[in-house]
Amino acid sequence: MLSRMTRGAFILLEGGDRTGKSTQCRRLVEYLQGAGVAAQHRRFPGRYRTTTIGKMIDAYLAGSTQLDDRAIHLLFSANRWEAVADMKAALQKGITLVVDRYAYSGVAFSAAKVSGLSLHWCKQPDIGLLRPDLVCWLDMPVDAATQRGAFGQERYERVDLQRRVREYFAQLREPDWLVLDATQSVETVHEAIAQHAVDVIAVCQHQPLREDLWQKEEEDNRVHEQC
Ligand code: DGP
């Protein structure tokens with residue numbers, strides 16, 4: 001007998017600080033649940049902050065510990081890897097995950113630091129992670145984001161760094177990303193995300209999970225090096 005088991009979709013919201021990701025994640029989960037879709041909210045490094053690695057990241061973000069830029073980069077990545085089993089289990093149960101930040105933030109924020117870590121180096125530890133079915137990039141000029149409440153309170157909330165983060169998101173952007181002007185109203189942004197999310201959930205429910213983040217690019221690089 002053919003299995004009628006369907007999987008949930010991995011929907012990711014990415015972007016700089018204060019672009020409205022958390023609000024949009026909550027709105028999308030509420031909308032999907034209201035429409036009868038099993039959906040849950042995850043955030044990095046959020047729910048997974050209870051782990052030893054998560055606590056180290058918290059202490060670093062709060063400024064109570066200092067770490068080498070490479071060391072904290074690897075910890076952020078390890079925090080994603082330790083979440084994989086939980087995420088896979090949820091997706092395979094048919095639960096759609098709406099995720100606030102992931103490896104793209106990981107690369108953009110680390111590469112944006114003055115120590116000048118390359119994009120190539122930053123991507124390495126996340127190669128082979130679960131690949132999102134939909135990436136929504138909430139994009140807005142940094143000057144507009146700084147006008148939003150409480151900007152400047154966290155470690156990375158500096159205008160120069162956020163500008164470089166935005167540039168790195170632009171470099172990481174893939175052709176199938178949904179790019180949203182995050183200066184629009186909450187409702188307008190929500191409607192665009194919700195419409196795409198519903199389409200993606202329908203398309204990917206019978207497809208296997210994609211555990212190959214940045215893998216193709218890495219294989220292409222290897223072939224190129226061998227030529
Ligand atoms: P948030 O709780 O989403 O506001 O994230 C806290 C800060 O941590 C934010 O400035 C972005 C940054 N951040 C999130 N994920 C990563 C990551 O994987 N690597 C680095 N270097 N920074 C990250």
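Whatever order the structure lists ligands and atoms in, that order sets their numbers, starting from 1.
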* Structure fact -> Closest to atom 16 (C) of ligand 1 (heavy atoms only, candidates Tyr102, Phe76, Tyr60) is Phe76
* Which protein heavy atom lies closest to atom 2 (O) of ligand 1, and at what distance to 0.1 Å? -> Arg43 NH2, 3.0 Å
* To do: Using modelled atom types only, decide if a donor and an acceptor are shared between the side chain of Arg7 and the backbone of Gln207 within a distance under 3.5 Å.
  => yes
* Touching ligand 1 at all, Arg155? Heavy atoms, strictly under 4.0 Å? -> no
* **For atom 8 (O) of ligand 1, the protein heavy atom that lies nearest, with its residue and separation** => Leu61 CD2, 3.6 Å
* Structure fact -> The residue among Leu138, Val186, Leu13 that forms side chain to side chain contact (heavy atoms under 4.5 Å, CB included) with Thr23 is Val186
* Is Glu218 salt-bridged to Lys123, going by a charged N under 4.0 Å from an acidic O? -> no
* To do: Please work out whether the ring planes of Trp177 and Tyr104 are parallel, tilted or perpendicular, with thresholds of 30° and 60°.
  => perpendicular
* To do: Return yes when Arg80 approaches ligand 1 closer than 4.0 angstrom through a heavy atom, no otherwise.
  => yes
* Closest approach of any protein heavy atom to atom 12 (C) of ligand 1, naming residue and atom -> Tyr156 CD1, 3.4 Å
* Structure fact -> protein heavy-atom neighbour closest to atom 9 (C) of ligand 1 works out as Asp17 OD1, 3.3 Å
* Distance flag, aromatic centroids of Phe109 and Phe76, threshold under 6.0 Å -> no
* To do: Around atom 14 (C) of ligand 1, find the nearest protein heavy atom and jot down its residue, atom name and distance.
  => Arg101 CD, 3.5 Å
* To do: Decide whether the shortest distance between a heavy atom of Glu154 and an atom of ligand 1 is less than 4.0 Å.
  => yes
* Decide whether a cation-pi geometry holds between Arg210 and Phe10; the criteria are a distance under 6.0 Å from NZ or CZ to the six-membered ring centre and an angle within 45° of the ring axis. => no
